[in-house]
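Some notes on the structure that comes next.
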Amino acid sequence: MKRMNLRDVPDDVYTALAEAARANRQSLSAFAVDRLTEISQMTRLNDYVASYTPLHESGVSLEDSAAAVREVREAS
């Protein structure tokens, strides 16, 4: 595991994160790590969708493929 220090966080952003963490019964650090984890997963999903090339003969469009990936992701 790596450590991360954040600098120059605007006061309103810090307050919103702290309140959301408290509402979720988490420390600010745990809440931030959970949100960063979600962002990293979305980034990987976007990279996959952007790089996906469907077979021309399959009849499956990029939009169909992206919808299927999102459906599976949301179900888990």
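Side chains included, hydrogens not; waters and symmetry mates left out as well; all remaining heavy atoms used. Here the structure is a predicted model, which is why all the values come from computation and not from measurement.
Within the structure, no pair that satisfies the salt bridge (charged side-chain N to carboxylate O under 4.0 Å, His left out) test touches residues 3-15, not counting sequence neighbours. Sorted by first and then second residue, the side-chain hydrogen bond (donor to acceptor under 3.5 Å, both in side chains) pairs involving residues 13-37 (not counting sequence neighbours) are Q26-D34, R35-E38.
Note on V33: it does not cluster hydrophobically with L6, by side-chain heavy-atom contacts below 4.5 Å among ILVMFWY residues. Hydrophobic clustering (ILVMFWY, side-chain heavy atoms < 4.5 Å, transitive): V69 and I39 are in distinct clusters.
Smallest separation of non-hydrogen atoms from L28 and A21: CA-CB, 3.9 Å.
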